[in-house]
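Everything on this sheet refers to the single structure shown next.
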Number of protein chains: 2
Amino acid sequence: MSNVLNDRPRVGKETRARVLDVVAHLGYEINLTARHLRAGRTDTVAFVVPGFQTYFDEIADRLAAAFGAQGRHLVVESTGARPENELAALSSVRLSMYDGVILSVAGLTLTEIEGVRTTAPLVLLGEVEVPERFDHVMLANAEGAALATARMLATGSRRIAIAGGDPGGPHDGAGMAAIRRAGWVRAHEGAGLTADPALVAPGAGVGPEVGREAVRHLERSGVDYDGVFAVTDSTAVGVLAGLAEAGRRVPQDVQVVGFDNLDLAEFTVPGLTSVDPGRDAVAHHAARLLQRRIDGATPEPEHVVVPVRLVERGTTRAS
Amino acid sequence: MSNVLNDRPRVGKETRARVLDVVAHLGYEINLTARHLRAGRTDTVAFVVPGFQTYFDEIADRLAAAFGAQGRHLVVESTGARPENELAALSSVRLSMYDGVILSVAGLTLTEIEGVRTTAPLVLLGEVEVPERFDHVMLANAEGAALATARMLATGSRRIAIAGGDPGGPHDGAGMAAIRRAGWVRAHEGAGLTADPALVAPGAGVGPEVGREAVRHLERSGVDYDGVFAVTDSTAVGVLAGLAEAGRRVPQDVQVVGFDNLDLAEFTVPGLTSVDPGRDAVAHHAARLLQRRIDGATPEPEHVVVPVRLVERGTTRAS
DNA sequence: GTGAAAGCGCTAACAT
DNA sequence: ATGTTAGCGCTTTCAC
């Protein structure tokens, strides 16, 4: 029977017809679970993200296309940003459901990842340090942040605040926000200036609430500022809302730059200048690295840093 | 061995220790695929969406929470809005990977869905007509659209355009946009007015591009308008961008209302008045309906219409 | 060209 | 209390 269903060559025409007839009659439905066990593959790859968010949506679309082209399915799972779930996703138990996993790391520390024993095809994504032995794709975070900051310095901003990422919080130090903050500092140094710690706005997370809260904080504190670097575009959207609320004109009074260049950035008012992380490249490398593991190769682990570029729109002044 | 691993009761302490030792030593990792075959379950539920988008993200979060509470995993798959993929997701072949599936229908017609023979636990979601025999959760679309339109009429708008959803396009007629457009018409009638067909902006899709294009079209055509109902919030974001581009003030010159009440609606400038679909209710019903199918009941199919309400923000004038 | 059977790795039932 | 085994449904090999 399976010969017929899988279109094997050496089956008589009549037999094939007969089998197909019976199959249709009985309402037979193949059981994928059994096939997976037998085949040792599930033809499914998982993209595990900290949360269902626009940034990951845009990457997931590209991954789905890449894997779909080879007849593999992509599924997206969320860890809810809980480290224990990230670890669970790393355990081979969970991995054995999939031919491979691309895990976007958010909450785990280097030490926690170190402890993971896993031989299954796995690629790590995300703006944190990971052990040498894993394949890893990350962005040029510090460079991007520096690019953003330098752009505002070049067009006259001298007091550039930074919003998002819970500075000083429990997850700070090694995370994405910290690296981008380092780029913000570096750009100041590059211009012979010093970044003012008073311009680091508090607030945990990277959503719009954080951005709006950051601006409210700046306003309350009475500190002088004429630029805001938001660690993500999502944060930037909140920053724009906060600035409107405070009556600050963008970009005349305050320039704003985000990071991620979400599709949305083209539609804020004014359009959001943003650091483009080259999502195509991120997805491409993640898919490529996973593919070679799935193919059974055990190559040297690769650590890809995807370059970024600045996309200029209306939240920065013309140079 | 399995007794030990699964914490069965009647195992001697010493035996347990010995087994665990060996297990650790050999680096044994359980094979979930085999377990799934044996158990006849995968403890995994799929949420199949037309695309990875904010609206579905916000529902997926809630579904993940609901199923996670019962020890089940949620995975999200995208059909890329291709009808053939939606059908594939409906086929029992694909269903057999999961304990159940929640499918958000976008591109399929009633007839196409009619043809589906499936006994697996399945719940349909989405703003289209579906066969009686399926469980289905949808929004009070026409009511919501009428609510939105009536709100703008009540505060002085007399020429309310509608943006998004490809009116007159191939998928028009039965889809979400058509139902919402019906609500827009109905609200006019309820006020003793007539909706002007010239105010139906062309353009396929529900993303921001469509909203901006819609406004550009209105401006080009020179038609008079003082309000825009966007069929989704995502479209509304584009509408706001378009209006800014055209130099129209919101809400003084043009009022705007969206549909979905995305988290983002609170952060546009000005804040977006929007129809809230009660996402909690949508997720709750979808999870509940799927659960009872998984539990093996074969109850009467249920067709839930989730009520909506209007959330007023800055894109509409005070009443 | 066709049919039968072994075995993927697991676990629940059963025999010891 | 412990060890053994049958069988989930598939596919591939092997015997006919």
Side-chain angles (χ1 to χ4, degrees), chain A residues 1-46 70-73 88 91-101 117-121 294-296, chain B residues 1-46 70-73 88 91-101 117-121 294-296:
Chain A
M1 178 173 87
S2 68
N3 290 334
V4 174
L5 296 183
N6 293 4
D7 266 334
R8 298 312 222 62
R10 320 174 171 209
V11 183
K13 189 189 292 185
E14 195 187 332
T15 313
R16 162 161 298 155
R18 190 159 52 83
V19 171
L20 287 177
D21 188 54
V22 172
V23 161
H25 216 70
L26 263 55
Y28 167 85
E29 300 285 359
I30 203 172
N31 180 322
L32 281 186
T33 303
R35 177 190 288 207
H36 292 164
L37 173 57
R38 173 64 228 233
R41 313 177 278 116
T42 62
D43 291 323
T44 302
V45 162
Q70 339 163 346
R72 244 186 277 268
H73 289 265
S91 80
S92 294
V93 176
R94 198 68 197 141
L95 289 184
S96 67
M97 272 192 69
Y98 302 113
D99 290 354
V101 170
R117 295 261 160 284
T118 270
T119 54
I294 293 175
D295 290 342
Chain B
M1 179 173 85
S2 68
N3 289 333
V4 174
L5 297 182
N6 294 2
D7 265 335
R8 299 310 223 63
R10 319 172 170 207
V11 183
K13 189 189 292 184
E14 196 187 330
T15 313
R16 164 162 298 156
R18 191 159 50 83
V19 172
L20 287 178
D21 188 55
V22 173
V23 162
H25 216 71
L26 262 55
Y28 167 85
E29 300 284 357
I30 202 173
N31 180 321
L32 280 187
T33 303
R35 180 194 287 215
H36 292 163
L37 173 59
R38 173 64 228 228
R41 314 177 279 115
T42 62
D43 291 324
T44 302
V45 162
Q70 337 163 349
R72 244 185 278 267
H73 289 266
S91 81
S92 294
V93 177
R94 198 68 197 141
L95 289 183
S96 67
M97 271 194 67
Y98 302 113
D99 290 355
V101 169
R117 295 261 160 282
T118 270
T119 52
I294 293 175
D295 291 342

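Values below: all heavy atoms of this structure, side chains included; hydrogens, waters and symmetry mates excluded. Proteins come first, then strands; the chains are lettered A, B, ... in the order of their sequence lines, and each starts at number 1.
- Between the P atom of C:dC10 and the CG atom of B:Asn31 lies a distance of 5 Å, rounded to the nearest Å.
- An OP1 or OP2 oxygen of D:dT11 is reached within less than 4.0 angstrom by a side-chain nitrogen or oxygen of A:Arg35.
- In the set D:dT11, C:dC10, C:dG9, the nucleotide with an atom closest to the side chain of A:Ile30 is D:dT11.
- Nearest nucleotide to the side chain of B:Arg38, out of D:dC8, C:dC8, D:dC10: D:dC8.
- Heavy-atom minimum distance, B:Leu37 versus A:Thr33: N-CG2, 3.1 Å.
- Taking atom NE2 of residue A:His36 and atom P of nucleotide D:dG9, one finds them 15 Å apart after rounding to whole Å.
- Distances from the side chain of B:Ala34 to the nucleotides D:dG9, D:dT11, C:dC10 place C:dC10 closest.
- B:Leu37 places its CG atom 9 Å from the P atom of D:dC10, with the value rounded to the nearest Å.
- Under a 3.5 Å cut-off, the side chain of A:Thr44 and the backbone N or O of A:His73 do not form any donor-acceptor pair.
- Between the side chain of B:Asp99 and the backbone N or O of B:Thr42, at least one donor-acceptor pair lies under 3.5 Å.
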*Test B:Arg72 against B:Ile294 for side chain to side chain contact (heavy atoms under 4.5 Å, CB included), laying out the working first.*
CA-CA 12 Å; B:Arg72 244 185 278 267; B:Ile294 293 175; 3.8 Å; yes
